[in-house]
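In this text the structure is predicted, and so the values were computed from the model without any measurement.
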Amino acid sequence: MADNARAKRLADLIREVVAQKLQRGIKDPRLGTHVTITDTRVTGDLREATIFYTVYGDDEDRAAAAAGLESAKGVLRSAVGQAAGVKFTPSLAFVADALPDNARAIEDLLDKARMSDAKVREVSAGADFAGDADPYKKPEDADETDGDAPA
């Protein structure tokens with residue numbers, strides 16, 4: 001088993017090599033400048049690498065980029081093997097990163113919360129309290145209770 005620091009270094013190297021190769025070395029029009037490598041993870045035995053990527057564009061562009069990455073997997077693995085110099089070059093698996101979709105969903109929820117807060121602010125503008133201004137009970141004055149007792 002390799003230590004975690006070695007796996008982290010190899011993951012960083014794979015991320016850099018794949019990004020450079022996608023930018024300069026692969027002439028597939030499906031990839032181009034639309035693909036961004038966001039993260040890379042390597043298993044503890046250094047046999048498998050998972051590469052997370054995002055694609056700028058719509059669903060059609062994402063599907064085309066996934067097909068392009070799958071077809072370029074062998075070339076990218078060869079480039080990683082040459083750069084890494086390890087005994088066994090890890091197999092590469094490409095996974096679309098869900099982070100942009102999650103961020104978009106969170107932004108939508110925050111926008112809904114802002115609109116709800118604005119509605120509450122509009123409704124409550126100029127509103128008064130339902131009860132007294134001071135809702136806490138206070139002990140009655142001693143003079144008021146003593147008024148009924150004979151002197």
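Taking 4.5 Å as the limit, some side-chain heavy atom of Val86 sits within range of a side-chain heavy atom of Arg6. Residues Phe94 and Leu76 are in side-chain contact: their nearest non-hydrogen atoms beyond the backbone lie under 4.5 Å apart.
For residues 49-65, the set of pairs meeting the salt bridge (charged side-chain N to carboxylate O under 4.0 Å, His left out) definition, not counting sequence neighbours, comprises Asp59-Arg62. Evaluation of the salt bridge (charged side-chain N to carboxylate O under 4.0 Å, His left out) test over residues 73-93, restricted to residues two or more places apart or in two chains, returns Glu70-Lys73.
A salt bridge links Asp12 with Arg15: the distance from a Lys NZ or Arg NE/NH1/NH2 to an Asp or Glu carboxylate oxygen falls below 4.0 Å.
In the hydrophobic clustering, where aliphatic and aromatic side chains (Ile, Leu, Val, Met, Phe, Trp, Tyr) are joined below 4.5 Å either directly or transitively, Tyr136 stands alone. Connectivity analysis of hydrophobic side chains (ILVMFWY, heavy atoms under 4.5 Å, direct or indirect) links Phe88 to nothing; its cluster partners are none.
For Thr38, the side chain to side chain donor-acceptor pair (under 3.5 Å) criterion is met by Asp97, not counting sequence neighbours. In this structure Ala11 satisfies the side chain to side chain contact (heavy atoms under 4.5 Å, CB included) test together with Thr40, Val42, sequence neighbours excluded. Judged as a side chain to side chain contact (heavy atoms under 4.5 Å, CB included), and not counting sequence neighbours, Ala125 has no contacts. For Arg41, the side chain to side chain donor-acceptor pair (under 3.5 Å) criterion is met by Asp39, not counting sequence neighbours. Partners of Ser71 by side chain to side chain contact (heavy atoms under 4.5 Å, CB included), not counting sequence neighbours, listed by chain and number: Asp28, Arg30. Considering only residues two or more places apart in sequence or on other chains, Ala66 meets the side chain to side chain contact (heavy atoms under 4.5 Å, CB included) condition with Tyr53. For Ser91, there are no side chain to side chain donor-acceptor pair (under 3.5 Å) partners, not counting sequence neighbours.
Taking both residues in full, the closest heavy atoms of Ile26 and Ala72 are given as CD1-CB, 3.6 Å, listed atom of the first, atom of the second, then distance. Scanning all heavy atoms of the two residues, the minimum distance from Lys27 to Arg24 falls at NZ-O, 3.4 Å. Nearest heavy atoms, Pro90 versus Leu46: CB-O, 3.6 Å.
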Test log, rule side chain to side chain contact (heavy atoms under 4.5 Å, CB included), inputs Leu22 and Leu69: CA-CA 9 Å; Leu22 286 175; Leu69 286 170; 3.9 Å; yes
Donor-acceptor list for residues 107-115 side chains, cut-off 3.5 Å, not counting sequence neighbours:
| unit_1 | atom_1 | unit_2 | atom_2 | d |
| --- | --- | --- | --- | --- |
| Asp111 | OD1 | Arg114 | NH1 | 2.7 |

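Taking CZ from Phe52 and CD1 from Ile37, the interatomic distance works out to 11.0 Å, rounded to the nearest 0.5 Å.
Of the candidates Leu13, Ile51, Ile14, Ile14 is the only one forming a side chain to side chain contact (heavy atoms under 4.5 Å, CB included) with Val80.
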